[in-house]
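Have a look at the structure below before the remarks.
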Number of protein chains: 2
Amino acid sequence: MTELFLEERNCDTCPIRHRAVCSKCEADELELLDSIKYYRTYDAGQPVVWAGDEMDFVASVVSGIATLSQTMEDGRTQMVGLLLPSDFLGRPGRAIAPYDVTSNSDLTLCCFRRKPFEKLLQDTPSIAQRLLEMTLDELDAARQWMLILGRKTAREKIASLLIIIAQREASLRKRRPTDGSSFELPLTREAMADYLGLTLETVSRQVSALKRDGIIELEGKRLVTVPDFEALMAETGDDSDGGLPV
Amino acid sequence: MTELFLEERNCDTCPIRHRAVCSKCEADELELLDSIKYYRTYDAGQPVVWAGDEMDFVASVVSGIATLSQTMEDGRTQMVGLLLPSDFLGRPGRAIAPYDVTSNSDLTLCCFRRKPFEKLLQDTPSIAQRLLEMTLDELDAARQWMLILGRKTAREKIASLLIIIAQREASLRKRRPTDGSSFELPLTREAMADYLGLTLETVSRQVSALKRDGIIELEGKRLVTVPDFEALMAETGDDSDGGLPV
DNA sequence: TCTGCCACTTGATCCGGATCAAAGTGGCCC
DNA sequence: GGGCCACTTTGATCCGGATCAAGTGGCAGA
């Protein structure tokens with residue numbers, strides 16, 4: 001949903017670099033970006049930053065999955081953000097990370113040192129504007145998520161999450177999700193539970209129930225096939241138009 | 001938390017106008033702002049816009065309370081935003097309102113027609129930057145809210161909401177909340193329930209319980225006094241440092 | 001003063017999801 | 001090939017908050 005400066009087809013490294021090449025931005029931006037960027041990789045399950053840490057970079061997800069989460073003293077955790085390739089991590093002007101960031105798979109980030117990136121933002125209104133766009137998208141997603149957390153049943157929550165993942169995977173490929181398409185669940189049952197404000201047992205039970213009812217098919221534990229998107233959509237409790245325009 | 005261009009002490013009309021006067025922005029901005037702004041007032045309970053409507057303005061809350069909410073087909077409602085004076089409403093570049101906006105009290109908005117405002121944004125990086133700041137604040141608030149919705153007990157939810165309201169009221173007055181301070185609850189029990197993903201009965205019970213336990217005092221139904229902020233904070237389940245830096 | 005309404009409180013019961021417990025599955029290292 | 005470990009499923013029971021229901025208090029309007 002939030003693709004920063006990206007046209008996916010041609011971008012094999014850093015999303016920002018690509019956009020700098022392909023449109024809107026001038027050549028010297030590209031050079032500046034090149035001069036301040038670097039790549040980092042993380043293993044599955046590895047922390048990227050802890051809440052409260054100083055974060056001296058912002059980054060764009062190149063490949064893999066990362067999550068933002070908050071943990072209470074007694075260990076209850078709530079995921080508050082899900083970062084897929086092309087999503088943006090970090091906040092210009094803010095040194096302290098407000099959430100734990102964790103890689104949920106092998107993860108590659110394209111990082112920019114924060115100070116030069118902020119300077120770039122100031123000098124390049126089009127990038128600042130794009131960042132505002134992306135932040136508004138994130139805010140929409142967060143608010144849609146709030147409806148899920150506050151008012152939906154466990155079954156509706158699972159269905160909603162599956163739809164969200166399917167749509168985001170499809171949009172990475174510049175497609176609409178279609179009947180019969182499959183996707184890999186990028187999250188463990190526990191991570192799904194942390195996303196949805198449930199326990200992992202409830203997630204497991206509801207996934208099994210959706211499978212039993214023929215709404216989804218499962219190959220192994222992670223590969224989901226949706227024979228009929230409308231049927232899955234109907235389980236979310238949302239309006240049939242699919243909620244927010246994306 | 002999100003005070004746009006505002007220094008409250010001197011601002012008796014529109015927040016943006018004031019900031020244009022007092023700092024960062026030049027005189028011609030002020031004139032442009034003056035030329036595109038206008039005021040609107042709403043009665044308590046009146047809709048400001050419906051989700052899906054075209055919204056041809058952005059606005060700043062001058063006085064009163066407004067809420068953003070989403071409603072499912074079957075009537076379940078989740079509040080996704082709470083707008084206090086100085087908060088910003090609307091999204092440059094986006095014509096369609098994604099949520100219902102409702103006034104929860106007599107409400108005055110300082111509105112800007114969207115197109116000229118967008119032009120102003122493009123021409124005035126400092127305003128664009130400020131808007132990004134505010135959007136990031138809103139995103140933080142939304143994510144804190146997600147933790148409340150997903151993982152907290154009813155009692156913790158109520159305590160968290162009281163703290164949030166107390167802090168925001170205090171910050172409008174440029175103060176920190178102190179022991180013994182009072183504030184008016186700007187929401188009905190039902191609106192609180194919609195905020196917290198509870199029913200109004202549960203809200204009522206938990207407010208009564210906090211009162212019974214001496215954590216809060218109530219005068220009438222709406223006027224809350226907090227004898228000991230630490231004690232209330234302890235009921236939220238958050239770290240003692242009060243969560244996010246604000 | 002009475003009436004009706006609205007916001008709220010309180011009580012009784014129910015149920016969905018949490019919790020506690022025990023197996024089952026599969027990937028991978030030796 | 002064996003065994004371990006992380007992840008998942010399934011079962012039994014419990015409990016917090018929803019639901020259904022009744023009652024209170026304040027206040028606007030007749």
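What you see below is based on every heavy atom in this structure, not just the backbone, and it leaves out hydrogens, waters and symmetry mates. Residue numbers start from 1 in every chain, and the chains themselves are labelled A, B, ... in the order their sequence lines are given, proteins ahead of strands.
- Between the C1' atom of C:dA18 and the NZ atom of A:K157 lies a distance of 12 Å, rounded to the nearest Å.
- Near DNA chain C, defined here as any heavy-atom distance below 4.0 Å, there are no residues from residues 215-227 of chain A.
- Atom CZ of A:R222 has more than 12 neighbouring heavy atoms from other residues, nucleotides or ligands inside a 6.0 Å radius.
- C:dG17 atom P lies 14 Å from atom CZ of A:R151, rounded to whole Å.
- Counting only heavy atoms from C-beta outward, the side chains of A:L89 and A:V58 never approach each other to under 4.5 Å.
- Under the 30°/60° scheme for interplanar angles, the aromatic rings of B:F57 and B:Y38 are found to stand perpendicular.
- Here the CD atom belonging to B:E138 is positioned 5.0 Å from the CZ atom belonging to A:R143, to the nearest 0.5 angstrom.
- Salt-bridge formation is detected for the pair B:E235/B:R155: a Lys NZ or Arg NE/NH1/NH2 atom is positioned less than 4.0 Å from an Asp or Glu carboxylate oxygen.
- The separation between B:I158 atom CD1 and C:dC8 atom P is 12 Å, rounded to whole Å.
- We find that NZ of A:K152 is positioned 18 Å from P of D:dA18, with the value rounded to whole Å.
- Only B:G197, B:L198, B:T199, B:E201, B:T202, B:R205, listed by number, bring a heavy atom of residues 195-213 of chain B to less than 4.0 angstrom from any atom of DNA chain D.
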query = Taking it one step at a time, do B:S69 and B:D100 satisfy side chain to side chain donor-acceptor pair (under 3.5 Å)?
reply = CA-CA 5 Å; B:S69 58; B:D100 297 329; 4.6 Å; no
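- The shortest distance between side-chain heavy atoms of B:M233 and B:I163 falls below 4.5 Å.
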request  = Evaluate side chain to side chain donor-acceptor pair (under 3.5 Å) for B:S182 paired with B:T225, printing each intermediate quantity in order.
outcome  = CA-CA 4 Å; B:S182 310; B:T225 303; 2.9 Å; yes
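- Ion pairing between A:R94 and B:D140 holds under the 4.0 Å rule for side-chain N and carboxylate O.
- Look at CZ on A:R76: it is 13 Å from C1' on D:dG16, rounded to the nearest Å.
- One atom, CE of A:M192, and another, C1' of D:dT8, lie 12 Å apart when rounded to the nearest Å.
- B:E184 has its CD atom 15 Å from the P atom of C:dA7, to the nearest Å.
- Nucleotide C:dA18 holds its P atom 12 Å from the CG atom of A:D194, rounded to whole Å.
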